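Worksheet for the structure shown next.
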Amino acid sequence: MLNRPPHRHRRTAPTLVPALAPALMAAALLTTAGCSGGDRAGAAGDAAASGSAVSARAPSPSPSVTVAPTLTEAQAKSALVTAADLGDDDWTPTRGAATWRDALLKGTADVAGCQRLLDGLYAEDLLGRPAGARAVTGFDHTDRPDRPDDLDDTADTDGSADTDGTADEVQLRYQVGAYDRAALDASLAWVKAVPTTCGQFTATNAEGGQFTVRAVAASLPGSLGDAREGLRVTVNDDNDDNGAGLTLDFAAVRVGDSALSFTHGGLDDIDAEDTRQAARAGTRRLQEALAGRTPAAPTSPSSSPSGSPSTSPSGSASASASAQPSAEQS
């Protein structure tokens with residue numbers, strides 16, 4: 001008889017009772033939902049914490065910045081001074097550029113860095129070209145005590161305008177413009193340095209005549225505008241006791257990105273108070289124009305006619321307010 005190994009019974013996994021299957025599936029779903037909900041809650045918490053950290057690191061909003069108003073063409077014209085603003089009945093609208101401009105300002109400086117001074121005074125652009133709106137005007141002081149009697153203010157015998165009448169006139173040539181702020185500040189800084197860099201030099205005109213040019217600082221009221229600079233320039237032939245001598249004031253006042261500037265000069269001497277009066281009146285008018293107000297009439301009205309805002313620096317009667325492409329005495 002063959003020996004056979006003992007018979008081993010195999011254990012089989014019990015079959016799930018059909019009735020228990022739904023219950024087990026429901027439990028599994030609840031467990032999965034709980035884990036998923038926990039993950040979402042954790043993610044939301046992490047996001048909130050991250051947001052709080054970012055919020056804590058974020059800088060506080062900066063305070064609002066006041067932007068200087070931009071000068072418009074209409075405002076530039078209204079900001080021009082009038083003869084009444086100058087406080088003297090003898091100021092009248094200019095009849096043209098004085099002949100001393102060509103004779104004494106048009107020349108070559110023997111110091112290269114000082115050529116800019118001569119050219120800027122002659123061309124009326126010592127601050128550079130405005131970047132935006134610009135308006136200009138000019139006035140002649142027609143009743144100087146030392147003025148020759150034979151100069152006729154009105155016309156020659158043939159009825160033509162007497163261009164010689166401006167030969168030795170004291171003139172004030174004025175402009176208002178909108179500038180690039182950085183360029184304007186740089187120009188004012190250059191003007192401030194002129195008494196040091198170009199305090200004295202020699203200029204030679206087209207005929208070979210030589211003149212000594214001197215420049216010193218000219219004081220302006222310290223409260224004018226945001227920045228201000230002034231110069232007094234004299235041009236003389238030191239070898240000729242009877243030679244022509246020019247005295248010329250330059251003044252500039254910045255208000256925001258806009259500025260007024262002017263020259264006031266004539267043969268022999270000029271009144272520095274006229275320069276200061278023009279600077280005061282001009283600053284007031286520019287500030288009012290930028291604020292959107294019509295500049296008020298001067299407190300002491302003058303019977304003289306107002307300066308025409310259509311006079312260009314060269315004395316022409318063309319329109320003067322225009323938008324143009326660009327160019328301290330604190």
Side-chain angles (χ1 to χ4, degrees), residues 66-94 124 126-127 130 132-141 170-179 181 184-185 187-188 191 217-232 249-265 270-311 313 320-321 328-330:
T66 301
V67 179
T70 300
L71 187 73
T72 66
E73 293 182 24
Q75 288 172 334
K77 292 183 72 173
S78 69
L80 293 173
V81 293
T82 68
D85 290 310
L86 302 179
D88 188 332
D89 290 345
D90 293 325
W91 287 108
T92 60
T94 188
E124 305 286 342
L126 206 55
L127 292 183
R134 174 175 178 252
V136 300
T137 191
F139 304 92
D140 298 334
H141 199 269
V170 169
Q171 292 194 322
L172 191 147
R173 306 179 69 76
Y174 189 99
Q175 66 178 298
V176 174
Y179 293 82
R181 174 64 177 275
L184 179 58
D185 284 342
S187 294
L188 288 171
V191 172
S219 63
L220 296 175
S223 60
L224 295 183
D226 299 319
R228 66 221 63 83
E229 290 300 336
L231 292 174
R232 170 156 288 198
D249 282 351
F250 171 79
V253 178
R254 178 177 68 79
V255 179
D257 294 340
S258 302
L260 65 91
S261 63
F262 63 90
T263 57
H264 168 220
I270 57 173
D271 190 345
E273 181 54 33
D274 286 345
T275 302
R276 290 188 286 269
Q277 172 62 23
R280 283 191 294 263
T283 302
R284 172 183 59 81
R285 291 186 71 95
L286 179 55
Q287 290 171 331
E288 291 179 352
L290 286 170
R293 300 189 297 268
T294 300
T299 54
S300 300
S302 169
S303 59
S304 62
S306 63
S308 168
S310 63
T311 305
S320 64
E328 111 189 56
Q329 210 163 330
S330 302

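Because the structure is predicted, anything quoted here is derived from the model rather than measured. The figures that follow rest on heavy atoms only: side chains count, while hydrogens, waters and symmetry mates do not.
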- Message: With side chain to side chain contact (heavy atoms under 4.5 Å, CB included) as the criterion, how do Arg284 and Asp85 come out once you've worked through the C-alpha distance, each side chain's angles and the decisive distance to 0.1 Å?
- Response: CA-CA 10 Å; Arg284 172 183 59 81; Asp85 290 310; 3.2 Å; yes
**Q.** Leu290 vs Ser258, side chain to side chain contact (heavy atoms under 4.5 Å, CB included): CA-CA, chis, key distance, verdict
**A.** CA-CA 9 Å; Leu290 286 170; Ser258 302; 4.0 Å; yes
request  = Let me see the working for Leu172 and Asp274 under side chain to side chain contact (heavy atoms under 4.5 Å, CB included), right down to the final yes or no.
outcome  = CA-CA 9 Å; Leu172 191 147; Asp274 286 345; 5.8 Å; no
Are Val176 and Leu71 close enough, and set up right, to give a side chain to side chain contact (heavy atoms under 4.5 Å, CB included), and what steps lead you there? CA-CA 9 Å; Val176 174; Leu71 187 73; 3.7 Å; yes
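At least one donor-acceptor pair under 3.5 Å links the side chain of Gln175 to the backbone N or O of Glu124. Listed for the Asp249 side chain is no donor-acceptor partner under 3.5 Å among the backbone atoms of His264. Under a 3.5 Å cut-off, the side chain of Gln75 and the backbone N or O of Ala289 do form a donor-acceptor pair. Checked by atom type and distance alone, the side chain of Arg134 never pairs as donor or acceptor with a backbone atom of Pro130 at under 3.5 Å.
Scored by the ring pair (Phe, Tyr, Trp, His ring centres under 6.0 Å) test, Phe250 finds no partners at all (sequence neighbours excluded). Under the salt bridge (Lys or Arg N to Asp or Glu O under 4.0 Å) criterion, Arg181 pairs with Asp185, Asp257, sequence neighbours left out. Not counting sequence neighbours, the partners of Arg280 by the salt bridge (Lys or Arg N to Asp or Glu O under 4.0 Å) test are Glu273.
Here the NE2-CD distance, from His141 to Gln171, works out to 12.5 Å after rounding to the nearest 0.5 Å. Of the inter-residue distances, the one linking Thr137 atom OG1 with Leu80 atom CG reads 6.0 Å to the nearest 0.5 angstrom. Taking CG of Leu231 as the reference point, atom OG1 of Thr275 lies at 11.5 Å (rounded to 0.5 Å). The structure places OG1 of Thr294 at 9.5 Å from CZ of Arg285, a figure rounded to the nearest 0.5 Å. Atom CG of Leu260 sits about 9.0 Å away from atom CG of Leu127, to the nearest 0.5 Å. Going from atom CG of Leu86 over to atom CZ of Phe139 covers 5.5 Å, rounded to the nearest 0.5 Å.
Ring-plane geometry between Tyr174 and Phe262 is classed as parallel, the angle between the planes falling under 30 degrees on a 0 to 90 degree scale with a further cut at 60.
Residues Ser219 and Arg276 form a side-chain contact, since some pair of their non-hydrogen atoms from C-beta on lies under 4.5 Å apart.
Judged purely by distance below 3.5 Å, without hydrogens or angles, the side chains of Thr94 and Asp140 pair a donor atom with an acceptor atom.
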